[in-house]
Protein chains: 4
Amino acid sequence: MFKPIKSTKVYEQVVEQIKGMIMDGTLKKGDKLPAERDLAEQLQVSRASIREAIRVLEVIGLVESRQGGGNFIRESFENSLFEPLSMVFMLEKSKPQEILELRRIMEIETAALAARKINDKDLEAIREIIEEMKKTDDEIINAALDKEFHYRIAHASGNVLVLNILNAVSILIDEFIKGAREMIVSNEENRHRLAEQHEEIYIALKNHNQKGAIDAMKKHFDFVDKYYY
Amino acid sequence: MFKPIKSTKVYEQVVEQIKGMIMDGTLKKGDKLPAERDLAEQLQVSRASIREAIRVLEVIGLVESRQGGGNFIRESFENSLFEPLSMVFMLEKSKPQEILELRRIMEIETAALAARKINDKDLEAIREIIEEMKKTDDEIINAALDKEFHYRIAHASGNVLVLNILNAVSILIDEFIKGAREMIVSNEENRHRLAEQHEEIYIALKNHNQKGAIDAMKKHFDFVDKYYY
Amino acid sequence: MFKPIKSTKVYEQVVEQIKGMIMDGTLKKGDKLPAERDLAEQLQVSRASIREAIRVLEVIGLVESRQGGGNFIRESFENSLFEPLSMVFMLEKSKPQEILELRRIMEIETAALAARKINDKDLEAIREIIEEMKKTDDEIINAALDKEFHYRIAHASGNVLVLNILNAVSILIDEFIKGAREMIVSNEENRHRLAEQHEEIYIALKNHNQKGAIDAMKKHFDFVDKYYY
Amino acid sequence: MFKPIKSTKVYEQVVEQIKGMIMDGTLKKGDKLPAERDLAEQLQVSRASIREAIRVLEVIGLVESRQGGGNFIRESFENSLFEPLSMVFMLEKSKPQEILELRRIMEIETAALAARKINDKDLEAIREIIEEMKKTDDEIINAALDKEFHYRIAHASGNVLVLNILNAVSILIDEFIKGAREMIVSNEENRHRLAEQHEEIYIALKNHNQKGAIDAMKKHFDFVDKYYY
DNA sequence: GTGGTCTAGACCACG
DNA sequence: GTGGTCTAGACCACG
C-alpha cells in the first residue's frame with residue numbers, strides 16, 4: 001500500500017530536468033540557461049543545489065559556464081570524451097602503447113566505413129591536406145596536417161560516436177605521447193613513405209573500395225606504429 | 001607576447017588535488033575521503049566548494065558518495081565511459097545503427113589483438129561460455145552469455161581503453177536497442193549459426209591466429225548486424 | 001596531506017604576467033604598455049580586470065599611468081619604498097623618534113660599507129657638498145645639502161636596498177619631522193660642529209677606514225639626535 | 001559616516017577617505033568595510049571605482065579581501081614591506097649579497113637599541129629559543145629557531161619600522177637565498193659556534209650592554225656571512 | 001547591471 | 001558523525 005520513498009537528491013533531479021529539456025529540444029545548442037538565481041527560484045531549490053547540478057552538467061559536457069556571462073548549452077560535444085577517456089587511461093595505469101593499439105583498432109575498420117559513406121566534401125578536404133603536406137617540410141605543420149587527415153576520415157565515416165572517440169584518442173596522443181607525430185615527419189624519407197600511404201588511402205576512399213581502404217590503413221599503421229614500439 | 005589568462009576556480013583546484021592524489025597513489029581504490037567538513041578546513045575552502053568538487057569527481061567516476069557514510073574512491077572504473085558516451089549518443093542525435101557500427105569497428109580488430117595476447121584463463125572462460133550456451137535455449141540467459149563472450153575477448157586484448165569503451169558500447173546496446181540480443185537468440189536456427197561462429201572465433205584465438213580471428217569476427221558481425229538494419 | 005587551495009584572481013595573474021615580463025626584460029624601463037583595451041583582448045579578460053591590475057602595478061611602483069598618454073614602466077624605483085614605509089609608520093602609530101632610530105641604525109653601519117666601496121666620483125661629490133655648506137648660512141640650502149650628504153654616502157655603499165630604504169627614511173623625516181633639518185643648521189655653532197663631523201666622515205671614507213667611518217658617523221648622530229629627543 | 005566623493009581620479013579619493021578613517025580611528029583593525037555595493041552607493045561612485053580603490057588598499061597592506069566574506073582592515077602590518085622591498089630587489093637587479101649586507105647593517109645597531117630597551121618577556125623568549133636550539137640537530141627546526149631569535153631581537157628594539165624592515169629582509173632571504181639558513185646549521189661544529197654566539201648576544205642584551213651587543217652581533221655576522229660570500 | 005563564485009552557518013536524514 | 005539541503009550575503013568578473 002505504501003511505497004518506499006526514494007530520496008532522490010535535489011541536484012540530480014535538476015540535472016534530469018535540464019537533461020530532459022535538452023533531449024526533447026526545449027533547450028537547444030547555444031541556448032542560455034536562466035540565471036542561477038532565477039533557476040533556483042523557479043525550481044524552488046537553493047542555489048547551491050543548482051550549482052551542483054550545473055557542475056555535473058558541465059562535466060558531462062552539456063553545459064558551459066562563463067563567469068559573468070551565464071550558463072549555456074554547449075554547441076559542440078566533439079571533445080567531450082577526452083576527459084573521461086583520459087581518466088581511465090591514468091587511473092588504470094594504462095600504457096601509451098594501449099592508446100596506439102586503440103587508434104589502430106578503430107581506424108582500420110573506420111576506413112572501411114568511410115569508404116562506404118564518404119562524400120565529395122570530405123574527399124576534397126582530404127585531397128587538399130595531402131597537397132598541403134607535399135608543400136612543406138616543417139614538422140609542426142606536417143604533424144598538424146597528419147592529424148587533420150585522420151580526423152577527416154573519421155568524419156567521413158558519418159558516425160559521431162566513432163568521431164568522438166577518435167577525437168579523444170587524438171588528444172590523448174598529444175597529451176601522453178608528446179612529440180609522437182612530429183618525430184615521424186621530421187625525417188624526409190618518412191615523409192615520402194607517408195605521402196605514398198596517404199595517397200593509397202585516398203584512392204581507396206575515392207573508389208569506395210572498403211577492402212582497399214582497410215588494407216591501405218593497415219599498411220599505414222604497420223609503418224607508423226613501428227616508431228613507438 | 002601576452003598570454004591569455006585562465007581563471008582557475010576553487011572547485012577545479014580541489015578536483016585537481018584529489019585527482020593527483022589518486023594518480024600518485026596517496027589515495028587508493030576504496031579509500032575514504034575525509035569528511036566534507038574536514039576537507040573544507042584542510043583545504044581552507046567552503047564546504048560548498050568541496051561539494052561541487054565531489055560532484056565532479058562523482059560524475060567523472062572517481063568517487064562514490066554514500067549518504068551518512070562518506071565519500072569513497074571508486075573500486076572500479078570499468079563503466080565510467082558509459083555515461084559520457086551515452087550523452088554523446090543522445091545529444092548528437094545519433095542513430096542506434098551507429099552504436100552497432102562502432103561495435104563492429106572495434107571488435108573486429110580487437111579480435112586480432114586478443115588472438116595475439118590471450119592467455120589460458122581467458123581462453124578457458126570463453127570455452128565455458130560456449131558450453132553454457134549449448135546447454136540452454138533460454139533467450140535471456142543466452143543473451144547474457146553472448147554479452148559475456150564479447151566481454152571476455154575485449155578483456156583478452158589486455159587493453160583497458162578498449163575494454164572500457166566496449167563495456168560502454170555494450171551498455172549502450174542494452175539501453176538503446178532493447179531486446180536486441182534476445183531477439184537473435186530466440187530463434188533456434190540462429191543459435192546454431194551463432195554457436196558455429198563462436199567456435200570459429202574461439203579456435204582462431206586459441207591458435208593465436210590474428211587473421212583468422214578477424215575473419216571469423218567479421219563473418220559473425222555480417223550475420224548479426226543483418227538483424228538490425 | 002591536503003594542501004590549502006589558493007584562489008588566484010584574474011587581476012593577480014595579470015599583475016604576475018606583467019611583473020614577469022619586466023623581470024625577464026621583455027618590458028624595459030620607459031616602455032609603454034599596450035592600450036588597456038588591447039591588453040584586455042590579448043589576455044582575454046575584461047578591461048576592469050586590466051584596470052585593477054594596473055592599479056596594483058602603479059602602487060607597487062612598477063607602472064606609471066599618464067592621463068591620455070598610456071601606461072608606462074617606471075624609469076626609477078628610488079622612492080618606491082616611501083609609500084609603504086610611511087603607511088607602516090602611520091598605521092602602527094609609530095613615533096617620530098623611531099624614524100630617527102631607524103636612520104641612526106642604518107647609517108652607522110652603512111658608513112662602514114661605504115668606506116669599503118666608495119669610488120672617486122662619490123668621494124668628489126661629498127667633497128663638493130662639504131664645500132658648498134661652508135659657503136652659505138642659509139638654513140634651507142644647508143638642510144638640503146646635509147640631506148644630499150647622507151644620500152651620497154648611502155649611494156656609495158653600492159647597495160640599492162640600503163639606498164632605497166634610506167631614501168624613504170629621508171622623505172619620512174621631511175614629512176613627519178618638519179623643520180628638523182633646518183632647526184639644527186640655523187645655529188652657527190652647530191654648523192661649525194657639523195662641518196667638523198662631516199669632514200671626519202669624509203676623511204674616513206677617503207681612507208677606506210671602516211672603523212673610522214663608523215665612529216665618525218656615530219659621533220655625528222650622537223650630536224644630531226640630541227636635538228629631537 | 002561616509003561622505004560623497006566629488007571629482008578627479010575617483011578611486012584615489014576613495015582610497016584617501018578610507019585611509020583617513022583608518023588613521024583617525026573610525027575604522028579599526030579587523031573592522032569589516034561595508035559591502036562594495038553599499039560603499040558604491042554611499043560614496044555615489046561606481047563599483048568599479050570602489051574595486052580599484054580596494055585593490056590599492058590591499059596592495060598597500062591596509063585591507064584584506066576575502067571572497068564571499070567581505071573586505072577587512074588588516075590586523076597586522078608586520079609583513080607589508082616585503083612586497084615593495086622584494087620589488088626593488090628584483091627590478092634593480094640587486095644581488096643576494098646585498099640582502100645580507102642590509103641585514104648585517106641593520107641588525108648590528110639594532111642590537112644596541114634592543115640592549116637598551118629589551119624587557120623581560122623578550123629576554124625570556126630569547127632564552128627559550130636558545131634552549132630549544134640545543135635540544136635538536138634538525139636543520140629545518142634550527143633554521144626556524146634562528147630566524148625567530150633574530151625576530152625577537154628586532155622586536156625588543158621596540159621600533160616597529162625596524163621590525164617591519166627586518167621582517168621583510170627575513171622573508172627576502174627565505175625567497176632569494178633558498179636554504180641559506182639550513183646550510184649553516186646542518187653542520188654540528190657550526191651549531192656549536194652559533195650557540196656560543198647566541199649566548200654572548202643574550203648576555204649582552206640581558207645586561208643592557210649596548211657596546212657588548214654590537215660586538216657580539218658583529219662577531220656573529222662575521223661568522224655567518226662567510227657562508228655566502 | 002547582471003550573473004557567476006564563494007563563504008559561513010544552520011537544519012535534516014541516514015548510518 | 002557525515003552527507004544532503006538550504007539560506008543570506010559578499011566578492012569576482014564580464015559586457
Side-chain angles (χ1 to χ4, degrees), chain A residues 5-14 32-41 43-55 58 63-72, chain B residues 5-14 32-41 43-55 58 63-72, chain C residues 5 7-14 37 40-41 43-53, chain D residues 32-41 46-48 50-52 54-55 58 63-72:
Chain A
I5 302 290
K6 196 181 162 284
S7 90
T8 33
K9 296 166 194 164
V10 172
Y11 76 86
E12 280 181 344
Q13 293 182 66
V14 177
K32 188 170 180 300
L33 288 178
E36 291 181 357
R37 286 170 178 84
D38 295 343
L39 258 182
E41 199 178 346
L43 299 181
Q44 289 169 32
V45 297
S46 76
R47 263 183 74 208
S49 294
I50 295 291
R51 284 182 58 73
E52 290 189 36
I54 287 178
R55 216 49 64 225
E58 207 179 4
V63 161
E64 186 184 355
S65 277
R66 297 181 210 147
Q67 170 143 5
N71 294 302
F72 298 82
Chain B
I5 300 288
K6 208 191 149 279
S7 75
T8 37
K9 296 162 196 165
V10 169
Y11 79 85
E12 282 181 342
Q13 293 183 67
V14 177
K32 186 171 182 296
L33 285 179
E36 292 180 356
R37 285 167 180 85
D38 293 344
L39 259 183
E41 198 180 347
L43 296 181
Q44 288 170 34
V45 297
S46 75
R47 218 181 126 204
S49 292
I50 294 292
R51 284 184 59 75
E52 290 190 34
I54 286 177
R55 219 46 65 227
E58 206 179 3
V63 161
E64 186 184 356
S65 278
R66 297 179 209 149
Q67 165 139 8
N71 294 302
F72 297 83
Chain C
I5 300 290
S7 77
T8 36
K9 297 164 194 163
V10 169
Y11 80 84
E12 282 181 341
Q13 292 183 67
V14 176
R37 284 175 180 77
E41 199 178 346
L43 296 181
Q44 289 169 33
V45 298
S46 75
R47 226 185 120 202
S49 292
I50 294 291
R51 284 182 59 78
E52 292 188 33
Chain D
K32 187 170 182 297
L33 287 179
E36 291 179 356
R37 282 175 175 78
D38 294 343
L39 259 184
E41 199 178 344
S46 78
R47 274 195 38 226
I50 295 292
R51 284 181 59 75
E52 290 189 35
I54 287 178
R55 217 48 63 227
E58 206 180 3
V63 162
E64 185 184 355
S65 276
R66 298 181 211 147
Q67 168 146 6
N71 294 302
F72 298 82

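Values reported hereafter were calculated over all heavy atoms of this structure, with side chains retained and with hydrogens, waters and symmetry mates removed.
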Next on the checklist: Salt bridge or not between A:E58 and A:R55? Use side-chain N to carboxylate O under 4.0 Å.
Outcome noted: yes
Checklist entry - How far apart are the C-alpha atoms of D:S65 and C:K9, what are their side-chain angles, what is the distance that settles it, and do they pass the side-chain contact (heavy atoms from CB on, under 4.5 Å) test? => result CA-CA 11 Å; D:S65 276; C:K9 297 164 194 163; 4.1 Å; yes
For [X], which contact category applies under a 4.0 Å heavy-atom criterion: base, sugar-phosphate, or nothing?
{"X": "B:E36", "value": "sugar-phosphate"}
{"X": "C:R51", "value": "nothing"}
{"X": "B:A35", "value": "sugar-phosphate"}

Next on the checklist: Distance under 4.0 Å to a non-hydrogen atom of chain D counts as contact; along DNA chain F, which nucleotides mark the start and end?
Outcome noted: F:dG9 to F:dA13
Next on the checklist: Between C:Q44 and B:I5, is the side-chain contact (heavy atoms from CB on, under 4.5 Å) condition met? List the steps.
Outcome noted: CA-CA 6 Å; C:Q44 289 169 33; B:I5 300 288; over 6 Å; no
Next on the checklist: How close do C:V10 and B:S7 get, counting heavy atoms only, and between which atoms?
Outcome noted: CG2-CB, 3.7 Å
Item to check | Closest heavy-atom pair and its distance - B:V14, B:A53 | outcome: CG1-CB, 3.5 Å
Checklist entry - Around atom CD of D:E41, are there more than 12 heavy atoms of other residues, nucleotides or ligands at under 6.0 Å? => result no
Next on the checklist: Reading DNA chain F from 5' onward, which residue's closest nucleotide shows up sooner: B:G69 or A:Q44?
Outcome noted: B:G69
Checklist outcome for this item: By nearest-nucleotide position on DNA chain F, the 5'-leaning member of B:S7 and B:R47 is B:R47
Checklist outcome for this item: Result for 5'-nearest mapping on DNA chain E, choosing between D:R37 and B:Y11, is D:R37
Item to check | Student check: side-chain heavy atoms of A:E36 and A:I54 closer than 4.5 Å | outcome: yes
Item to check | pair B:E12-B:K6: side-chain heavy atoms closer than 4.5 Å | outcome: yes
Checklist outcome for this item: DNA chain F in dot-bracket form (Watson-Crick or G-U pairs under 3.5 Å, [ ] crossing, | inter-strand) is ||||||||||||||.
